[in-house]
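These figures come from a predicted structure and were not determined experimentally. Order of listing sets the numbers, starting from 1, for every ligand and every atom in it.
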Amino acid sequence: MAQKQKETSAEAIRVVAVAGARPNFMKIAPLLREIESRSNVEAYLVHTGQHYDQAMSENFFSDLRIAQPNLNLEVGSGTHAEQTAAVLVKMEQVLLAQKPHALLVVGDVNSTLAASLAAVKLGVPIAHVEAGLRSGDREMPEEINRILTDSISTWLFTTEEEATGNLLNEGHTLDQIHHVGNVMIDTLLSNLEEAKRRDTLKRLNLAPNEYGLLTLHRPSNVDDPRVLQGLFEALEKIHKQIPIIFPVHPRTRAAIEEKLGGVKTSLRLTEPLGYLDFLHLMSEAKLVLTDSGGIQEETTALGVTCLTLRENTERPITVLEGTNTIVGSRPEAILAEAQKALRGDGKFGRTPDLWDGHSAKRIIDILEKDLGGSL
Ligand code: UD1
């Protein structure tokens, strides 16, 4: 079903917005809502189809009340080259047909980079939301996506001050960089009350503050059977003290079956959850263990202790100011930090500047000002 067209003037600023994978949907939602509220800006939403399962995609559109995309490119899964190339080729056609004034991309997934590459070659300026984050680890596919997308973007919208330094070091100029806060936290704040009204905990038979919540999907954790096995050993021990609920990403489900021969685990596995159920679970958890980027930020905004099962983070503000601790994937380190959190000695932290629910407005204000003059 196509998105309903709102009434806009002939001189309206036209933006093609792109979302492709699960972590994009909560970032694009407040931007689309902000555009929808303005008569002189309009968005054409392209879903690349990088994520396509009901649980990885469609549920987020309904939970976040995002209108159906104008177009779904249905690229699906594949190698990095296949996925990136498919989006690149199809996005070129979309941009040629739509002739937008700008391309709006969020985050660091393959779809973000591929759509940006199509745009820059056609002279369509790119607005990158969540620019400047760097883990310093070029083995992460997302790190390459971040560096390359930023390098060809016109507007660099950042979530934290450290990103400004990263961008200046790479030769960007201050007039391109706009510290606007975090659109994902716009979405969190506007949905928290509704999420908490859901019966998620009851359905899963959990009591507030008496469970841990786990997510795991990074190739560095799930693709190497020894690393995955080590993680499970530590997690099983924590699970003996406090139940761990584990919504399993399809990539991880496949790794458990193929690489560990369907390892026997007593952790409480579920299918991937929708946005509101997951937000509810995060907000009431004693402890969150994750290798996700976004969850490090969401737990900081919620004041919930987070242990990040990676060796680094591209989101240092969650460690410096928030509730996040980087523990890596060594079982002893995970266990030691989890014990601290269970004793109530986890990090509390504070919410970073401008993570206040108004980031999408700041972004669209800037785009409207910069693009309005050139029409
Ligand atoms: C992608 C992003 C990652 C993000 C993550 C969130 C890149 C490089 N990676 O990783 O940054 O944190 O999304 O989930 O863009 N699959 C399904 N159904 C789906 C989607 C995927 O079964 O709807 C399975 C497929 O077997 C696929 C695998 O999951 O091969 C991995 O999907 P893919 O999109 O390649 O990367 P993610 O690991 O999800």
Side-chain angles (χ1 to χ4, degrees), residues 18-28 46-63 69 72-88 91 105-117 128-131 133-135 137-150 184 187 214-224 227-228 246-259 269-275 278 282 288 290-299 306 308-310 312-315 318:
V18 176
R22 184 169 62 175
N24 288 164
F25 305 133
M26 49 291 245
K27 295 171 193 167
I28 209 76
V46 180
H47 187 327
T48 65
Q50 175 172 346
H51 284 176
Y52 43 84
D53 284 353
Q54 175 89 19
M56 298 295 286
S57 173
E58 188 53 42
N59 289 353
F60 287 78
F61 279 75
S62 46
D63 271 9
N72 190 322
L73 304 179
E74 296 179 351
V75 300
S77 301
T79 65
H80 284 267
E82 286 164 350
Q83 201 169 55
T84 309
V87 176
L88 176 61
M91 273 307 294
V105 291
V106 295
D108 55 15
V109 302
N110 287 342
S111 300
T112 309
L113 171 62
S116 301
L117 201 46
H128 184 206
V129 175
E130 203 183 89
L133 298 180
R134 297 290 180 269
S135 66
D137 175 2
R138 288 197 175 208
E139 285 184 16
M140 275 179 90
E142 294 80 4
E143 183 78 349
I144 304 300
N145 294 342
R146 292 180 197 119
I147 294 168
L148 297 181
T149 303
D150 285 340
M184 201 177 55
T187 297
L214 168 72
T215 80
L216 215 53
H217 75 280
R218 294 266 158 232
S220 57
N221 279 334
V222 306
D223 287 0
D224 180 341
V227 177
L228 192 56
F246 180 21
V248 189
H249 187 287
R251 162 192 267 283
T252 312
R253 168 102 40 206
I256 293 173
E257 268 149 35
E258 284 159 26
K259 303 200 169 121
L269 272 51
T270 73
E271 290 303 308
L273 297 171
Y275 181 77
F278 191 78
M282 250 191 315
V288 172
T290 189
D291 60 6
S292 148
I295 292 171
Q296 297 172 48
E297 298 185 330
E298 290 170 330
T299 46
C306 176
T308 293
L309 309 179
R310 285 172 44 190
N312 51 52
T313 181
E314 60 288 336
R315 293 160 159 92
T318 61

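Residue Met56 touches ligand 1 through its side chain alone, judged by heavy-atom distances below 4.0 Å. Using a 4.0 Å cut-off between heavy atoms, Arg251 contacts ligand 1 through both its backbone and its side chain.
Of the protein's non-hydrogen atoms, the one nearest atom 17 (C) of ligand 1 is Tyr52 OH, 3.3 Å. Considering only non-hydrogen protein atoms, atom 2 (C) of ligand 1 sits nearest to Val109 CG1, 3.7 Å. At the top of the distance list for atom 18 (N) of ligand 1, counting protein heavy atoms only, stands Asp53 OD2, 3.0 Å. When hydrogens are left out, the protein atom nearest atom 14 (O) of ligand 1 is His249 NE2, 2.9 Å; that is the closest non-hydrogen contact. Scanning the protein heavy atoms around atom 8 (C) of ligand 1, the nearest turns out to be Asn110 OD1, 3.2 Å.
A salt bridge between Arg22 and Asp53 is absent, with no side-chain N of the basic residue lying under 4.0 Å from a carboxylate O of the acidic one. Salt-bridge check for Glu297 with Arg315: passed, with a basic side-chain N closer than 4.0 Å to an acidic carboxylate O. At a threshold of 4.0 Å, the pair Arg218-Glu142 counts as salt-bridged, since one of the basic side-chain nitrogens sits closer than that to a carboxylate oxygen.
Here Thr299 pairs with nothing under the side-chain hydrogen bond (donor to acceptor under 3.5 Å, both in side chains) rule; sequence neighbours left out. Applying the side-chain contact (heavy atoms from CB on, under 4.5 Å) criterion to Ser77, with sequence neighbours excluded, gives Tyr52.
Contact atoms of ligand 1 toward Pro250: 16 (N), 17 (C), 18 (N), 22 (O), 24 (C) (distance under 4.0 Å to a heavy atom of the residue). Close contacts between ligand 1 and His51 involve ligand atoms 1 (C), 6 (C), 13 (O), 14 (O), 20 (C), 21 (C), 23 (O), 34 (O), 37 (P), 39 (O) [criterion: under 4.0 Å to a heavy atom]. Atoms of ligand 1 lying under 4.0 Å from any heavy atom of His80, numbered from 1 in the order shown and given with element: 8 (C). Interface atoms of ligand 1 facing His217, defined by a heavy-atom separation under 4.0 Å, are 4 (C), 5 (C), 6 (C), 12 (O).
Distance check, rounded to the nearest 0.5 Å: CG of Asn221 to OG1 of Thr290 gives 9.5 Å. A distance of 8.5 Å separates CG of Asp108 from OG1 of Thr149, quoted to the nearest 0.5 Å.
When the heavy atoms of Gln54, Glu142, Gln83 are ranked by distance to atom 11 (O) of ligand 1, first place goes to Glu142. The heavy atom nearest to atom 25 (C) of ligand 1, out of those in Gly107, Gly76, Ser77, Ser57, is found in Ser77.
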Assess the residue pair Asn312 and Arg310 against the criterion (side chain to side chain donor-acceptor pair (under 3.5 Å)); give the C-alpha distance rounded to whole Å, side-chain angles, the decisive distance to 0.1 Å, and a yes or no. CA-CA 6 Å; Asn312 51 52; Arg310 285 172 44 190; 3.2 Å; yes
| message | The test is ring-ring contact (aromatic ring centres under 6.0 Å, His included); show your working for His51 and Phe60 and say whether it passes. | response | CA-CA 11 Å; His51 284 176; Phe60 287 78; 9.3 Å; no
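Ligand 1 has at least one atom lying under 4.0 Å from a heavy atom of Pro23.
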